[in-house]
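Here the structure is laid out as structure tokens; the discussion comes afterwards.
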Amino acid sequence: MPEEEILAARKEKLRRLREEEGYDPYRPERFERSAHLAEIKRRFDSLTVDQHGTEKLTTAGRVMALRKHGKASFITLEDEGDRMQLYFQFDALGEEAYTFFKKWVDVGDFLGVEGHPFRTSRGELSVQVESFSLLSKALRPMPEKWHGLKDVEVRYRQRYVDLLANRGVRDTFRKRATIMAAIRALMTRTGSLEVDTPILSHLAGGANARPFVTFHNALGLQMYMRIATELYLKRLIVGMMGRVYEIGKNFRNEGVDTMHNPEFTAMEVYWAYADYEDMMTLCENIVVAAADSVGGRTVTYQGKEISLHPPFRRATMKELVKEHAGVDFDAITTDEEARRAARAKGIPVEGHESRFLLLAKLFEEYGEKHLIQPTFVLQHPVEISPLAKRNPEAPDYTNRFELFINGSEVANAFSELNDPLDQEERFRDQQRKKDAGDEESHPFDEDFVTALEYGLPPTGGLGVGIDRLVMFLTDSRSIRDVILFPAMRPREA
RNA sequence: GAGUCGUUAGCUCAGGCGGUAGAGCACCGGACUUUUAAUCCGGGUGUCCUGGGUUCGAAUCCCAGACGACUCACCA
């Protein structure tokens, strides 16, 4: 039967239910559960075959399978956490209730039941139903019970169908919530304050990325969706907030693939009087707290075993470029030498690139993909780090790290640049790049410089890509599998 | 943005070297008081993604397009 006919038939059935029984399945507003299905399973696991418990239970869920027989029927009921078999028997329910059940209850409907636990002669822990109420009705057919819903397009577009049909998907998002809670608990223990900063602003800074542009009608103002929370959070440290963090969505107007969604969840932390080494420890603690909350520090990601036991490996960008590209930047002292070396390694070179930029390019090209086990990459060039403090021993480099897991950047941190004069100069440098056509260069944020002029204490900052962390911890191959409603092109009208 | 692959019933999928489409589940009717992918009897429900072309005839071949997945590029 085509879906429209099934829908029409179910609507007709609903009409008859209302007319013939005087029952409106959309009228119930609440149902008190004495136990969830998982709890029932746990508490009555010791019942032996054919043994009935004496305790009266009330529970509720969605009918996922119906095995109707003449005067005794079984259903599979599923709630948010588990599924369980319910037994509907003519003698136990009485003719009126049993007939109502057989006539009106369909797969997909929500039921609230009262009954007692028992174990069937086939050994399945079940609930013998003594009374029930139809709490809500489904008009559309559920996906196939055995194979579930596989069509990825439907899974992402109609996530509710994916979630109701595929319990593994629910587990992933439950784990995501567990991870978030573990991270927040850790942050609270460190005395960090959770804050909210603007998503809409007239300047999109704090990272190098193309923003989404929008318009505020009443103010007659072009506005941007934020690409990072960094600059607002550091203003809070100027304002004596001490330790702050924010977990929220960032928006970047860039490509979509298995590691990128235009809106993604990032966490940023700023601690006064801390440096990037402190952030490294905090970063390890965050990863470990997240891992521990959902199953432990040894994880299998897409068949690869990843050990999240701290301390994670630490290596400078130069060391990694030497290791994986075979280019020794300690021996390179001019930009021209670096260009020759980069060209020799197949990096496109136009001729104006600095050795620092080329170091970063070589790392991206040759280093990143090898960093399967968690690795802190240290000492990024100043040129690609407009907001990080210089390393006093090597002023062309910064006291910064990025954490890579499975070849992807999961975290980025540094000792925050708090010299307003240096910051102003770096903004100018970014502005020059922007004027030269680099759309991802950082905009000049005058108010941020002003804030630094009021005094930013020594500060450590850390950003964590939450979606990617969740991916590794849930063995999800695409970022879309950890974002409830991922970005999709609208279906053709 | 480029390449590869995919799109057939509500779902999971077969099939179709061009002759008007099938299975299982779901669904509808019936039987059945311990089933669990229940079983048994009866019922086949479709814009074969869309548009155009070739052809006596297109779901199948060709072209264009939509959407998706994957790989690559940009990016976190």
Side-chain angles (χ1 to χ4, degrees), chain A residues 1-10 12-13 49-50 64-77 83-93 98 102 106-108 118-126 128 138-158 161-162 165-166 206-210 227-228 250-267 348 364-365 368 402-405 407-412 438-440 463-469 471 477-480 486 488-493:
Chain A
M1 200 183 284
E3 184 164 26
E4 292 314 308
E5 279 179 40
I6 293 178
L7 189 59
R10 287 286 186 96
E12 171 59 17
K13 187 169 184 176
V49 165
D50 287 329
M64 297 305 282
L66 267 173
R67 294 179 291 282
K68 288 180 182 175
H69 304 182
K71 290 199 164 82
S73 301
F74 296 88
I75 71 170
T76 301
L77 192 77
R83 42 170 58 194
M84 177 167 283
Q85 175 169 274
L86 305 189
Y87 184 37
F88 289 73
Q89 197 184 24
F90 183 93
D91 296 340
L93 281 158
Y98 189 78
K102 275 195 84 172
D106 294 304
V107 170
F118 77 110
R119 192 174 292 282
T120 66
S121 52
R122 299 292 181 90
E124 173 116 1
L125 185 64
S126 307
Q128 167 124 32
L139 299 181
R140 289 185 188 267
M142 299 293 114
E144 210 247 2
K145 62 186 168 190
W146 188 245
H147 299 92
L149 177 70
K150 290 185 173 174
D151 185 322
V152 288
E153 195 169 341
V154 178
R155 288 189 45 224
Y156 296 148
R157 283 189 199 281
Q158 293 176 276
V161 183
D162 187 28
N166 299 321
N208 297 90
R210 282 195 221 185
I227 58 174
N250 288 339
F251 307 83
R252 297 191 184 175
N253 207 339
E254 284 159 359
V256 175
D257 63 27
T258 51
M259 296 301 284
H260 301 85
N261 193 65
E263 58 179 290
F264 63 100
T265 301
M267 169 185 187
E364 285 166 20
E365 187 63 30
E368 287 186 3
E402 288 179 305
L403 173 63
F404 280 81
I405 301 177
S408 306
E409 185 191 336
V410 173
N412 177 25
D438 181 355
E439 289 183 72
E440 292 180 1
V464 180
I466 295 291
D467 307 293
R468 288 182 178 182
L469 185 59
M471 282 174 69
R477 74 177 266 105
S478 169
I479 198 169
R480 295 181 202 91
M488 298 287 275
R489 205 185 282 273
R491 219 176 240 153
E492 207 182 359

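Keep in mind it's a predicted model, so treat the numbers as computed, not measured. Each chain gets a letter, A, B and so on, in the order its sequence line appears, and its residues count up from 1.
- Closest to the A:Val152 side chain, of the nucleotides B:rA69, B:rA76, B:rU33, is B:rA69.
- Contact annotation for A:Asn166: no contact, since no heavy-atom pair falls under 4.0 Å across all strands.
- Taken from CZ in A:Arg468 to CZ in A:Phe264, the straight-line distance is 8.5 Å, to the nearest 0.5 Å.
- At the heavy-atom level, A:Asn250 lies nowhere under 4.0 Å from the strands shown.
- Here the nucleotide nearest the side chain of A:His69, chosen from B:rA38, B:rC67, B:rC27, is B:rA38.
- Remark: the separation of the P atoms in B:rG3 and B:rG65 is 10 Å, to the nearest Å.
- In this structure, A:Glu3 contributes its side chain and A:Arg140 its backbone to no donor-acceptor pair below 3.5 Å.
- Atoms CG (A:Leu125) and C1' (B:rU36) sit 13 Å apart, rounded to a whole Å.
- Among the atoms of the strands shown, none is found under 4.0 Å from any heavy atom of A:Arg119.
- Note on A:Gly463: nothing from the nucleic acid sits closer than 4.0 angstrom, heavy atoms only.
- Distance CE (A:Met471) to P (B:rA76): 16 Å, rounded to an integer number of Å.
- Residue A:Lys150 places no side-chain N or O under 4.0 Å from the OP1 or OP2 atom of B:rC11.
- The base-pairing partner of B:rC61, taking Watson-Crick or G-U wobble contacts with both distances under 3.5 Å, is B:rG53.
- If you check every strand for non-hydrogen atoms under 4.0 Å, A:Glu409 touches sugar and phosphate atoms only.
- Taking a pair to require two hydrogen-bonding distances under 3.5 Å in either a Watson-Crick or a G-U wobble arrangement, B:rC11 pairs with B:rG24.
- B:rC17 is unpaired under the Watson-Crick or G-U wobble criterion, no partner having all donor-acceptor distances under 3.5 Å.
- Atom pair A:Leu66:CG and B:rA26:P shows a separation of 9 Å (rounding to whole Å applied).
- Atom CG in A:Asp151 sits roughly 22 Å away from atom P in B:rC25 (whole-Å rounding).
- To the nearest whole angstrom, the two C1' atoms, one in B:rA69 and one in B:rC49, are 15 Å apart.
- Under the stacking definition used here (centres under 5.5 Å, planes under 30°), the residue A:Phe264 qualifies as stacked on the base of B:rA76.
- Between the side chain of A:Arg155 and the main chain of A:Asp162, no donor-acceptor pair closer than 3.5 Å is present.
- Rounded to an integer number of Å, the gap from A:Glu5 CD to B:rA9 C1' is 11 Å.
- For B:rA58 and B:rC48, the P atoms lie 12 Å apart once the distance is rounded to whole Å.
- Of the side-chain N and O atoms in A:Arg155, none sit less than 4.0 angstrom from OP1 or OP2 of B:rC11.
- Of the candidates B:rC27, B:rG68, B:rG24, the closest approach to any side-chain atom of A:Val107 belongs to B:rC27.
- The side chain of A:Arg252 has B:rA76 as its nearest neighbour among B:rC11, B:rA76, B:rC70.
- The 12-atom threshold is exceeded at CZ of A:Arg83, counting heavy atoms of other residues, nucleotides or ligands nearer than 6.0 Å.
- Only the P atoms considered, B:rG16 is 24 Å distant from B:rG57, to the nearest whole Å.
- Side-chain atoms of A:Asp106 and base atoms of B:rC27 include no donor and acceptor less than 3.5 Å apart.
- Checking the phosphate oxygens (OP1, OP2) of B:rG68, a side-chain nitrogen or oxygen of A:Arg489 falls inside 4.0 Å.
- Between A:Gly70 and A:Arg480, it is A:Gly70 whose nearest contact on RNA chain B lies nearer the 5' terminus.
- Within 4.0 Å (heavy atoms only), A:Gly465 reaches no atom of the nucleic acid at all.
- The A:Pro143 side chain lies nearest to B:rC11 when the options are B:rC11, B:rU33, B:rU34.
- Classified by interplanar angle (parallel below 30°, tilted 30° to 60°, perpendicular above 60°), the ring pair A:Phe118/A:Tyr87 is tilted.
- Residue A:Arg10 places its side chain closer to B:rC27 than to any other of B:rG68, B:rC27, B:rA37.
- B:rG46: no Watson-Crick or G-U partner with both key distances under 3.5 Å is found in any strand.
- Taking the P atoms as reference points, B:rU12 lies 9 Å from B:rU8, given to the whole Å.
- At whole-Å resolution of the value, NZ in A:Lys68 and C1' in B:rU33 are 16 Å apart.
- Nearest nucleotide to the side chain of A:Thr120, out of B:rU36, B:rA76, B:rU33: B:rU36.
- Closest to the A:Arg157 side chain, of the nucleotides B:rC67, B:rC70, B:rC28, is B:rC67.
- Between the side chain of A:Gln158 and the backbone N or O of A:Val161, no donor-acceptor pair lies under 3.5 Å.
- OP1 or OP2 of B:rU34 has not a single side-chain nitrogen or oxygen of A:Arg67 nearer than 4.0 Å.
- Within the 4.0 Å cut-off from OP1 or OP2 of B:rU36, not a single side-chain nitrogen or oxygen of A:Arg83 is found.
- For the pair A:Lys13 (side chain) and A:Leu139 (backbone), a donor-acceptor distance under 3.5 Å is absent.
- Between atom CD of residue A:Gln85 and atom OG of residue A:Ser126 there is a gap of 4.0 Å, rounded to the nearest 0.5 Å.
- Listed candidates were B:rA69, B:rA37, B:rU34. Nearest to the side chain of A:Met488 is B:rA69.
- Residues A:Tyr87 and A:Pro262 each lie close to RNA chain B; by heavy-atom proximity, the contact nearer the 5' end of the strand is made by A:Tyr87.
- Here the C1' atom of nucleotide B:rC27 and the CD atom of A:Glu4 are 14 Å apart, to the nearest Å.
- A donor-acceptor contact shorter than 3.5 Å links the side chain of A:Lys102 to the backbone of A:His69.
- Base pairing of B:rC5: its partner is B:rG68, meeting the Watson-Crick or G-U wobble criterion (both donor-acceptor distances under 3.5 Å).
- Note: CD (A:Glu144) to C1' (B:rU8) measures 16 Å, nearest angstrom.
- Using atom C1' as the reference point in both B:rG10 and B:rG30, the two lie 23 Å apart (nearest Å).
- Comparing B:rA76, B:rU71, B:rC25 by their closest approach to the side chain of A:Thr258 singles out B:rU71.
- For the P atom pair drawn from B:rU34 and B:rC70, the interatomic distance equals 48 Å after rounding to whole Å.
- Only the P atoms considered, B:rC28 is 37 Å distant from B:rG52, to the nearest whole Å.
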